[in-house]
Peer 1: 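Would you mind keeping the following structure in view while I ask a few things?
Bear in mind the structure is a predicted one, so any value in this text is a computation, not a measurement.
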Amino acid sequence: MADLRCTIAGVKSPNPFWLASAPPTDKAYNVVRAFRAGWGGVVWKTLGEDPPIVNVSSRYGAVHFRGHRMAGFNNIELITDRTLEVNLREITQVKRDWPDRAMVVSLMVPCEEASWQAILARVEATGADGVELNFGCPHGMSERGMGSAVGQVPEYIEMVTRWCKQHTRMPVFVKLTPNVTNILAPARAAVAGGADAVSLINTINSITAVDLDRMAPEPVVNGKGAHGGYCGPAVKPIALCMVAEIARDPDCAGVPISGIGGIETWRDAAEFMALGAGSVQVCTAAMHYGFKIVEDMNDGLANWMDDKGYATLDGFRGAAVGNYTDWGKLDMNYDIKARISDELCIGCGLCHIACEDTSHQAIRFTQDAGKRRFTVIDADCVGCNLCMHVCPVEGCITMEEVSEGRPYLTWAAHPKNPQNLKAAE
Amino acid sequence: MGEGADIRGGRLPAAAYDENFADLQPPLARQEAVVEAARCYFCYDAPCVQACPTGIDIPSFIRKIQTGNLKGSALDILEANIMGGTCARVCPTEVLCEEACVRTVQEGKPVRIGRLQRYATDALFATGIQPFSRAASTGRRIAVVGAGPAGLACAHALARRGHDVVVFERRAKAGGLNEHGIAAYKMANDFAAREVAFILGIGGIELHLGQALGRELTLDALRRDHDAVFLGVGLGTTNRLGLAGEELEGVLDAVDFIEELRQSPDKATLPVGRHIVVIGGGNTAIDIAVQTKRLGAETVTLVYRRGAGEMGATGHEQEIAQLNGVLIRHWARPVTLEAAGGRVAGVTFEHTRLDAGGRLEGTGERFTLAADQVFKAIGQKLLADELAGSGLAIEAGKLRVDDELRTSLDGVWAGGDAVAGQDLTVAAVEDGKRAARSIDRALGN
């Protein structure tokens, strides 16, 4: 059986599945239930300075997609609404009772060195394994100059990270907001400030829906709505891209990454780890289904690793990073054509109409003796994959390589590149 | 065969009747409908549409359920089939749209098109909205004989085009077989009558009840007094077994019994035997078998002269019968109606098989089933009295029509069960719709 033990920035856990800083990690009761269920660690819901914040109701909005609940999810909840004292006491107790689990404490205080110094000392006294600086929260706290208000200014990230590194011996994770134009700027700032790891993504500015009766954005709080932080399965592609950007960036110098964003299954986790994440954090999936989902995450990942021959997480961590490149480095001689299996085809015609209406008119529709047939016109097929994606039958449309051994050719060297035309003149 | 038939009403506790004659399939709840609608692939040139006799744009109405555009969804259905509500309940979808559904090919589980159609049409009816209106009056006046699916569909389509329509119906109530012939649990909560009210709600349709051809009406007079005539008279009578004893007490016509059942507000009043034999293999045979079982009959045996595959009732209908405890026996034909005390006491059957030429023959082996009631359900036919002397050409027992549903007489169209084609509500509606189009053209509009 594969070994799922995980070490990231010196923090150890029996598996790479942590609960992200969020309602599921707000208090000992939940965290103990999570540990009993098998979660490898938690990032305790963000602590702030007393007096605690006050929340509104409601707090959540959701995108339900064609009958599937919570394909996307957002929240306008703030950091913990309990006193620092209570939280610290519980953290101490839980860490004492569950010494093998990762206990990282999320923090958010005003941008003053004394504030950070004071809270760090108190967290360190709990025996926690590390801290995570919440520079990501995009709603509410950002209006008070914290959360993403810090995360959107690389200089602040670097400054606060440096303070924290000076004032604690605990590993410092910096949680990044995706609400920026280029994730590398804040990531590099964290690295420059001495961060031991970065965690990303935090939630994305969002309005999940508009209530067309009340004419207000959801979730509606007494007739009005504010933007919330978007998460859940829908954000995974955005998170994967940001994780990969950092993983391959020489200036980020291999900073450990705790991957977050729409992770529901072991497969999602494996994808994040293949793109460089050292551990993963989960929230929405747990809030949707409860803590038990970690059982499948653990044995699903282990079974997959066994199948692939990976003995430890290091066996595949970052394995896909080298293949994440820029468009300009792709092979322009690689050619694929759609192949439609007559045997598997159920005759829905979606491939035809998608190609006919919106692409290259490369799928012919004929009927013979009542049988609906769809045939690819190779000369017109550009290998875009659209038909394969719209086809509802798995394996019915495949893409066949027809490159015929032509050499790897990038745009830079392509004869139609104006730069090359100029050079040839 | 004991003396004294056991035939009576009230075999069941009162509450059981309500349960037994409530909706066979309850309506989908909103979320069920949305999830089911999401299963539709929105096929291009969809096979289901081609399989629908009325050509309802099924992917479109299903997509509109998904987006919450229920009025648009219902109108997609009703524009093509004004009786979309009934068809959602009674269509043999398993041999029409749902058989053609690509998901049937893919996984043997079609999108439940019929259930979704009911969801959309129920939603519109629940609003009480009348979505249809009439074009400016043409001053034309058209007679429609028969207020069943064909006649009402024709009348509605003509009224929409601005014609005035007079509908004559021989029964005391409109709706045809929707009201009088279909099994009660398929048309629960008085749906047929509600649908008739919806159709008449467009205006411009006068309804005259208790008026039959060959009785109060003559075709000559109708032709004289109207710009066009549409005959949707259905099949007014039933086939006979041709056995001695067919007039015995206890030998009943399934169609008549179902009509009585449909019109009885209290099903407990219907007298039903302890042991029932049904002869026939179509939907009427299934409907009488299941309904007598649900009225409390102890055993119901349906006997059909050929095999399951040859039955007029679909596999789905046969399953309904079996799930209701009806025993179906194939390959046997009735040879003698047994009598005792002046009434029927059973039926003797002979086993059948196909001879070398593929013709049905008796094997000589016999068996007898005891019965308090014997129901005949072996098909219906045109009522000759209605048409006697009309001059209408008849072909293979049906009114002869051309591809525009014109009969052999000028200015007379016909459709529904009275003409060739599938004897289904949906086919009758399509006939009415197409005939209206043809009439409209013929009148120069």
Side-chain angles (χ1 to χ4, degrees), chain A residues 62-72 209-214 218 233-234 338 340-376 386-397, chain B residues 27-53 55 57-73 94-113 115-116 119-120 127:
Chain A
V63 174
H64 306 305
F65 188 73
R66 296 196 179 172
H68 187 92
R69 309 293 292 178
M70 285 169 63
V210 176
D211 183 325
L212 291 176
D213 296 319
R214 291 188 279 184
E218 293 181 359
I340 302 171
S341 159
D342 267 350
E343 201 179 319
L344 294 176
C345 177
I346 58 172
C348 71
L350 290 179
C351 58
H352 165 76
I353 199 61
C355 194
E356 193 68 17
D357 276 357
T358 70
S359 293
H360 301 88
Q361 297 75 48
I363 298 180
R364 187 181 292 126
F365 172 31
T366 52
Q367 303 211 46
D368 60 87
K371 166 81 176 159
R372 293 155 62 89
R373 291 197 75 224
F374 300 91
T375 322
V376 176
L386 175 64
C387 55
M388 184 181 83
H389 291 304
V390 301
C391 178
V393 182
E394 204 175 323
C396 177
I397 299 185
Chain B
L28 295 176
R30 195 193 76 87
Q31 194 173 2
E32 273 181 295
V34 169
V35 170
E36 188 61 22
R39 294 185 64 233
C40 173
Y41 291 138
F42 202 66
C43 292
Y44 171 70
D45 188 22
C48 55
V49 179
Q50 293 168 22
C52 174
D57 188 343
I58 294 164
S60 176
F61 95 69
I62 292 180
R63 186 171 184 83
K64 291 176 184 182
I65 288 175
Q66 223 184 89
T67 67
N69 176 12
L70 293 183
K71 184 180 176 190
S73 178
E94 64 277 11
V95 295
L96 297 172
C97 53
E98 294 183 13
E99 181 179 56
C101 178
V102 298
R103 279 202 182 258
T104 302
V105 182
Q106 185 182 19
E107 58 191 8
K109 289 189 194 118
V111 174
R112 291 182 290 170
I113 298 166
R115 308 279 305 269
L116 288 170
Y119 179 79
T127 65

Peer 1: Determine the sole option in A:Leu350, A:Val393, A:Val390 for which the side-chain contact (heavy atoms from CB on, under 4.5 Å) test with B:Tyr41 is passed.
Peer 2: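 Going through the options one by one, the only one that passes is A:Leu350.
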Peer 1: Say you draw a straight line from CD of B:Gln50 to CD of A:Gln367; how long is it, rounded to the nearest 0.5 Å?
Peer 2: 5.5 Å
Peer 1: Under 4.5 Å heavy-atom distance to chain B, tell me which part of A:Phe65 shows up: side chain, backbone, both or neither.
Peer 2: neither
Peer 1: Any side-chain heavy atom of A:His352 within less than 4.5 Å of one from B:Asp45?
Peer 2: no
Peer 1: With a 4.5 angstrom heavy-atom cut-off, which part of B:Gln66 approaches chain A: side chain, backbone, both or neither?
Peer 2: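 Looking at B:Gln66, just its side chain touches chain A.
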Peer 1: So, for B:Pro47 and A:Gly347, which heavy atoms are closest and what is the spacing to 0.1 Å?
Peer 2: CG-O, 4.3 Å
Peer 1: List the atom of B:Val102, the atom of A:Ile346, and the distance in Å for their closest heavy-atom pair.
Peer 2: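 That closest heavy-atom pairing would be CG1-O, 3.0 Å.
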Peer 1: Going from CG on A:Asp357 to OH on B:Tyr44, what distance comes out if it is rounded to the nearest 0.5 angstrom?
Peer 2: 7.5 Å
